[in-house]
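In what follows, a structure is listed as structure tokens, so that the remarks can point back to it.
Only this structure's heavy atoms are used, side chains among them; waters, hydrogens and symmetry mates stay out.
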Amino acid sequence: MALNLEQKKQVVAELAEVAGTAHSLVAAEYAGLTVDQLTDLRKKARQGGVYLKVAKNTLVSRAVEDTDYAVIKDELTGPLLYAFSQEDPGAAGRLIKEFAKANDKLKPRLVSLGGQMYPGTHVDVLASLPTRDEALSMLLSVMVQPATMLVRVLAEPASQVARVTNAVGQTKAA
């Protein structure tokens, strides 16, 4: 179904808004996937906080013009599916990587993160990025470690005195 000019403008505006706030982008070739498979992928994308769109490359090219994703404009050829991570940077990578394991027709073509473009093979790197909760727990453990070490250092003299007193008590009892 062909889009008229107003519909194209709406698609470009919607994509530009999403691209302006997204953390990362994965473009993948989807030729050969069935409608049921694409529906399943869209469902998983909604659950994972990923904006998924199949759109004409010229519309996507116009939409990403003034964003960090402008670096991908020259690589947009062929039928592509665009996955924008909305909540955490690795969400789109995890979605595409997991879905591609079960469906060999889905092939990551390119990855864009932080104004840089990478080949589709970097989807593994993007997928390995920690989620927000994982990153916060790592940060918390790094912040708590010095306090834990301080408590251990301060408690060590008292525990040494207790061990010496116990040893002296045992030798006198024997």
Side-chain angles (χ1 to χ4, degrees), residues 1-31 33 35-103 105-143:
M1 179 175 111
L3 300 174
N4 64 30
L5 184 60
E6 281 305 311
Q7 291 170 327
K8 289 179 182 179
K9 286 181 181 178
Q10 288 175 349
V11 168
V12 169
E14 179 183 348
L15 284 170
E17 181 181 335
V18 169
T21 60
H23 298 288
S24 66
L25 164 69
V26 177
E29 296 175 356
Y30 67 95
L33 290 178
V35 173
D36 289 337
Q37 290 170 326
L38 281 174
T39 302
D40 186 40
L41 180 61
R42 285 187 173 105
K43 180 181 174 187
K44 290 178 181 177
R46 279 190 299 275
Q47 292 170 349
V50 176
Y51 177 86
L52 199 65
K53 185 76 169 176
V54 175
K56 288 187 175 262
N57 295 332
T58 53
L59 298 179
V60 174
S61 177
R62 287 187 180 151
V64 299
E65 246 172 33
D66 297 327
T67 67
D68 289 346
Y69 306 110
V71 296
I72 69 165
K73 288 173 62 172
D74 297 335
E75 299 296 321
L76 302 181
T77 56
L80 295 175
L81 171 118
Y82 300 95
F84 290 92
S85 293
Q86 303 272 234
E87 295 170 9
D88 77 270
R94 282 189 292 278
L95 173 73
I96 298 298
K97 180 182 175 185
E98 289 300 315
F99 199 80
K101 282 181 184 177
N103 302 287
K105 302 279 186 194
L106 185 67
K107 297 179 180 95
R109 174 80 117 17
L110 61 91
V111 173
S112 182
L113 177 70
Q116 298 289 322
M117 183 180 67
Y118 305 99
T121 55
H122 277 62
V123 77
D124 294 330
V125 175
L126 184 62
S128 68
L129 290 177
T131 64
R132 183 176 188 277
D133 291 338
E134 291 170 347
L136 287 174
S137 69
M138 284 188 246
L139 177 65
L140 184 61
S141 68
V142 168
M143 290 172 58

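Evaluated for a side chain to side chain contact (heavy atoms under 4.5 Å, CB included) with Val111, the options Val123, Val125, Thr121, Ile72 yield exactly one hit, Val123. Checked options Leu41, Leu33, Val26; the residue passing with Leu81 is Leu41 (criterion: side chain to side chain contact (heavy atoms under 4.5 Å, CB included)).
Listed by first and then second residue, the side-chain hydrogen bond (donor to acceptor under 3.5 Å, both in side chains) pairs that reach into residues 62-80 are Thr77-Arg109, sequence neighbours excluded.
Across every non-hydrogen atom of Leu113 and Tyr118, the tightest pair is O-CE1, 4.1 Å. Closest approach of Gly115 and Val71 over heavy atoms only: O-CG1, 3.4 Å. When all heavy atoms of Ala55 and Leu15 are compared, the closest pair comes out as CB-CD1, 4.1 Å.
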Cut-off 3.5 Å, no hydrogens considered: what does the side-chain donor-acceptor table look like for residues 89-103, sequence neighbours left out?
from, atom 1, to, atom 2, distance (Å)
Arg94, NH1, Ala127, O, 3.4
Arg94, NH1, Leu129, O, 2.9
Arg94, NH2, Asp88, OD1, 3.2
Arg94, NH2, Asp88, OD2, 2.5
Glu98, OE2, Lys101, NZ, 3.4
Asn103, OD1, Gln37, NE2, 2.9
Asn103, ND2, Phe99, O, 3.1

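For the pair Val18 and Gln86, the minimum side-chain heavy-atom distance is below 4.5 Å. Asn57 has its side chain within reach of Tyr82: a pair of non-hydrogen atoms, C-beta onward, lies under 4.5 Å apart. Side-chain atoms of His23 and Leu126, non-hydrogen and from C-beta on, never get closer than 4.5 Å to each other.
In this structure, OG1 on Thr21 lies 11.0 Å from CD on Glu87, to the nearest 0.5 angstrom.
Under a 3.5 Å cut-off, the side chain of Gln7 and the backbone N or O of Asn4 do form a donor-acceptor pair.
With no hydrogens or angles considered, no side-chain donor-acceptor pair links Tyr51 and Glu17 at under 3.5 Å.
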